[in-house]
> 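Got a structure for you, written out below as structure tokens; questions coming shortly.
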Amino acid sequence: MSTPERITSPVPDYDPERVEREAQQYWDAQGTFEVSEDPEREKFYCLCMLPYPSGRLHIGHVRNYTIGDVIGRYQRMLGKNVLQPMGWDAFGLPAENAAIQNQVAPAQWTYANIDYMKAQLQRLGFGYDWSRELATCRPDYYRWEQWFFTRLMDKGLAYKKMAVVNWDPVEQTVLANEQVIEGRGWRSGALVERREIPQWFLKITDYAEELLAWVDRLDGWPDSVRTMQRNWIGRSEGVEIDFEIPGGEPLRVYTTRPDTLFGATYMAVAAEHPLAKHAAQADPAIARFVEECKRTNTAEAELERMEKLGMPLGIEAINPGNGERVPVWVANFVLMGYGTGAIMSVPAHDERDHAFALKYGLEIRQVIGPDDGTQIDVQAASWTSKDAMLTVNSGRFSGLDHRAAFDAIATHLEQQGKGERRVNYRLRDWGVSRQRYWGCPIPVIYDADGGQHPVAAEDLPVLLPEDVEFQGVNSPIKDDPAFIETVVPGSGEPGRRETDTFDTFVDSSWYYARYCCPGAETMLDERARYWLPVDQYIGGIEHAVLHLLYARFYYKAMRDEGLVDSDEPFTNLLTQGMVVAETYYRDEDGRRTFYNHTEVDVERDDKGAVTGAVLSADGQPVVVGGIEKMSKSKNNGVDPQQMIDRYGADTLRLFMMFASPPDQMLEWKDAGVEGASRFLRSLWRTVSRHAADPAPAASRPPSVEGAARDLRRKLHETIAKVSDDVGRRYKFNTAIAAIMELMNELGRFDASAPGDRTVEREVIDNVLLMLAPIVPHLAHALWQALGHERAIVECAWPEVDEAALVRDHLEVVVQVNGKLRGRVTVAADASQEDYRAAAIADENVQRHTAGKTIRKVIVVPGKLVNVVAA
RNA sequence: GCCGGGGUGGUGGAAUUGGUAGACACGCCAGACUCAAAAUCUGGUUCCCGCAAGGGAGUGCCGGUUCAAGUCCGGCCCUCGGUACCA
């Protein structure tokens, strides 16, 4: 504890606003974070997923960017040439919603948001090279996206086909899945329909095999993300089988279970399947059913959860295994977009087929069973195992295991010309067309015959008009002759522009490469080869599949275009857990309005449990909607601005890193910031007082003893732990806790012996160095106050003094039969026998072993002794 | 439905390779300082029994492996994220 007489002069209070302004001015003036390619130094590209400019930063952004900044600044202290860029994922749906609601052009709304949020990021002191800033809605960015798409068209990797969308029949517009609530359009309240329209696709499936193979080599990625990507790609080996239809084209299905062919008792096709369409023409009941199948949105989760319904088409197909005739049904759970749009149903050995068969009284026939002869009842439940099974009731294919039956039946079908082995992927081609305004225009021109022509490179970019007014909800460029009317490249004939725009995932699939070469007059240049791949990528776990898979695909496509020379874009990935928060809403006039927690008063019972909530403005109840991911649409974001204003950026940064480990979900509550603020104020006082005293001797005495030795040991143990936590484990919360423990110990240290102040100084210097990545402004100011000439941002990460870690004695715990019964101290070099003797000699151990025989003594050196007695 | 996470005190979380459950904080309680408040400092704080020493229980639920299980295995429950047009 510091004694009062040591205060030789009053020290200024911690003023975060001033400290942070001065540090930021220093970094700006020095150009600290502006970097260039330097082949002499090891590079480190540290990247956070770029934000959507929704209006204000929310707490999830602060978490994400603080993690990135801590890693970037730490790597910088290790001497690397660190690039940290920042930009804006600026196209997207919310800008159009704002436009429709507030009569403001999406561009204007977006640019205003970018300005505001950029100022917020700068206020937080992140070490970005702002000279590389980009916004995906700027023509100098999307020009190259358009150019690359025309290259993909030339290579046949971009193509057009029919695909289903959610159609709002009242608004006469396409809806995103998010805009469909309980089957109805979120504005109109109308029942949404599925509708097929022509759309552009990228052939990501051409890369399925490579994307899958490389998942195994992404050592720097979390296993959970790798598993999710593997499952998403969903490679399967199966057989395509033709079922003859008397008087018609054969019905082709794909199955991964040809071993169950003899159990196929009915077929099911999608509502959009030609067979269903044809049958609907003749039968009004089928037509009604097919029509009914359109009354659903396109989301897989919805489709899988809805009631499985079907109708017989009055058609029969011939099972090529046994020649039996089986009925063909139309079913709402079979989708045209998957496989062939038709399946063979084996109710005995597939859960969904089983449920459907029970519902409609279809035959359930067992064709596989346990290989030990155990009887199973497939009428009661499906039996789906591939292991320890044998085929039965399968003619000459009976008595085989899964692999043998698969091969024998597949070979038989191939010989008969009725089937072929096929590798299939769950992964589907990437639909990139959006029928919306605020996105990158797809650079295609149609001639009078509907022919497709990529826009010539010299005519790019196809500019999106920014000065627009929304009439209703539809994209203003869809009926804007000035945008649409053009000439066909080459022929000079009148042509019409594509009015669809790109999925915003296209924008975010290559931005990390463009950061490397700002201003380039090509898509990428040589500079990209220096910086890529990204060494550390940090972003939300919600992007585990879509964004991260699209970006991987795009990178490989860029590689094949000769633009980059590595295979994967992100060497190491840190998936940040989401910051989630309570939602509150009301349903009025068929639309749902969400309210922010700041607009709501929560009512609790005696135990603190939430019983309900009312809107502060009118005192009327709102629905407590449950905890969800923070999002603009759910209006459950937390505004970090108040905390910046009140406590400063460093306190907020420290709190965010201390609150939980980065990969864990964080349920936001406003409490706890106070502790971070208290720690920084206390640190400020301690260091300021120390700095106000005369400087201690520069070098430490050759040996320090007693309390000073213990303190030095604690210091170097802490350096070891913090280096491991920050550099390897990404556990910033425990790193901070370790530093707090060290500071608590320093607070108890009475610096009175000669050399003590030197040790105290060693602790303070190293604490500031370790905290510099997390609270860089405060570290900068205090480092300066201690009289260091070089700014802390230019200093190296501390090193562990191994000699300081040495201990003479260790305390270990003693258990009797696994229960803690005492503690003993042993010499650091104690033998197993020493441990055993010390443990058995312990008074409490004696009491618990009295009258028993000691059977075994387990010694874990340095940790514990377990005495097993009975 | 399917795929991937998570569940530990009043709260956030710690326990890194199977070895002391609850580090470090928040909150709360008591005390010091103060006319008072704020700030600061000291002590206490998983639950139950006990003056204490100490004992018992305890990491979502049920069962198992082990000298030893929050951690490993089997089966459940709840919850969050993704589910291809939110980003």
Side-chain angles (χ1 to χ4, degrees), chain A residues 1 49 51-52 54 89 92-94 165-166 174-180 199 222-225 227-228 230-232 234 297-306 333 337 351-352 427-431 433-436 503-505 508 540-547 549-550 575 577-578 580 607-608 626-629 631-634 655 658-661 663-667 669 671-676 678-679 681-682 685 721 724-725 728-729 731 733-734 736-741 744 811-815 817-820 823 844 847 855-858 860 863-868:
Chain A
M1 180 170 38
M49 290 181 188
Y52 176 79
S54 56
D89 187 16
L93 202 50
V165 292
N166 302 309
V174 175
L175 297 178
N177 284 333
E178 190 187 52
Q179 297 172 311
V180 181
Q199 303 191 66
D223 287 339
S224 57
V225 175
T227 305
M228 279 190 265
R230 253 183 227 113
N231 292 338
W232 186 266
N297 72 22
T298 59
E300 187 194 282
E302 298 291 327
L303 294 168
E304 289 287 339
R305 270 197 299 257
M306 74 191 175
F333 59 87
E351 267 183 54
R352 192 173 57 183
L427 179 69
R428 312 197 299 261
D429 276 339
W430 176 13
S433 293
R434 296 294 179 269
Q435 296 68 44
R436 283 189 256 288
D503 176 8
T504 56
F505 276 128
S508 57
I541 183 67
E542 67 272 27
H543 296 293
V545 176
L546 291 182
H547 162 62
L549 194 62
Y550 291 144
T575 46
M578 258 157 306
V580 293
K607 291 169 185 163
I627 289 165
E628 289 191 63
K629 175 174 86 162
S631 71
K632 190 79 180 167
S633 58
K634 297 286 161 63
F655 172 62
F658 185 57
S660 72
D663 55 354
Q664 198 163 305
M665 186 182 70
L666 182 61
E667 193 178 311
K669 300 211 172 63
V673 194
E674 206 49 64
R678 198 174 296 166
F679 175 73
R681 286 200 305 268
S682 160
R685 269 194 309 274
K721 168 147 181 73
D724 189 45
D725 281 353
R728 181 182 65 87
R729 297 177 68 213
K731 296 271 187 187
N733 55 329
T734 52
I736 293 163
I739 295 169
M740 286 176 169
E741 276 187 66
N744 289 344
E811 189 182 67
V812 298
V813 298
V814 183
Q815 299 176 334
N817 293 331
K819 282 194 183 291
L820 179 66
R823 286 161 208 280
N844 209 32
R847 190 156 65 230
R855 307 265 185 218
K856 202 188 323 185
V857 177
I858 287 151
V860 184
K863 289 226 164 120
L864 64 68
V865 182
N866 188 13
V867 180
V868 183

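By convention in this document, chain letters (A, B, ...) are assigned in the order of the sequence lines, proteins followed by strands, and residues within each chain are numbered from 1.
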> Quick check for you: among B:A84, B:C85, B:G19, whose closest atom lies nearest to any side-chain atom of A:Leu864?
B:G19
> Nearest whole angstrom, please: distance from the P of B:C80 to the CE of A:Met578.
11 Å
> Any donor-acceptor pair under 3.5 Å joining the side chain of A:Arg685 to the base of B:U40?
no
> Rounding to a whole Å, what distance do you find between A:Asp663:CG and B:C80:P?
19 Å
> Would you say the side chain of A:Arg436 and the base of B:C85 hold a donor-acceptor pair, judged only by whether the two atoms sit under 3.5 Å apart?
yes
> Distance between the P atoms of B:C62 and B:A69, in whole angstroms?
16 Å
> So does A:Asn177 reach the base of B:C85 with its side chain, donor to acceptor, closer than 3.5 Å?
no
> Any base atoms under 4.0 Å from A:Val867, or only sugar-phosphate, or nothing? Heavy atoms, all strands.
nothing
> Which nucleotide wins on minimum distance to the side chain of A:Lys819, given the candidates B:U16, B:A57, B:C24?
B:A57
> Taking the side chain as every heavy atom from C-beta outward, state whether A:Phe658 and A:Phe679 have any atom pair closer than 4.5 Å.
no
> Do A:Lys721 side-chain and B:U16 base share a donor-acceptor contact under 3.5 Å?
yes
> Distance check, C1' atoms only: B:A68 and B:U79, in whole angstrom units.
31 Å
> Between B:C24, B:U16, B:G81, which nucleotide has the shortest distance from any of its atoms to the side chain of A:Asp724?
B:U16
> What nucleic acid atoms does A:Gly431 come within less than 4.0 Å of, heavy atoms only: base, sugar-phosphate, or nothing?
sugar-phosphate
> How do A:Lys856 and A:Ser660 order along RNA chain B: which one's closest nucleotide is nearer the 5' end?
A:Ser660
> Which nucleotide sits closest to the side chain of A:Asn231: B:U83, B:A23, B:C3?
B:C3
> Rounding to an integer number of Å, can you tell me how far A:Ile858 CD1 sits from B:A68 P?
8 Å
> On RNA chain B, does the nearest nucleotide to A:Asn844 precede the nearest nucleotide to A:Gln435 from the 5' side, or the other way round? Give the residue.
A:Asn844
> Taking atom types as they are modelled, is there a donor-acceptor pair under 3.5 Å from the base of B:G1 to the side chain of A:Glu300?
yes
> If you only use heavy atoms from C-beta on, which nucleotide in B:A84, B:C86, B:G12 is closest to the side chain of A:Tyr550?
B:A84
> Decide yes or no, distance alone: a donor-acceptor N/O pair under 3.5 angstrom between the base of B:C3 and the side-chain of A:Glu304.
no
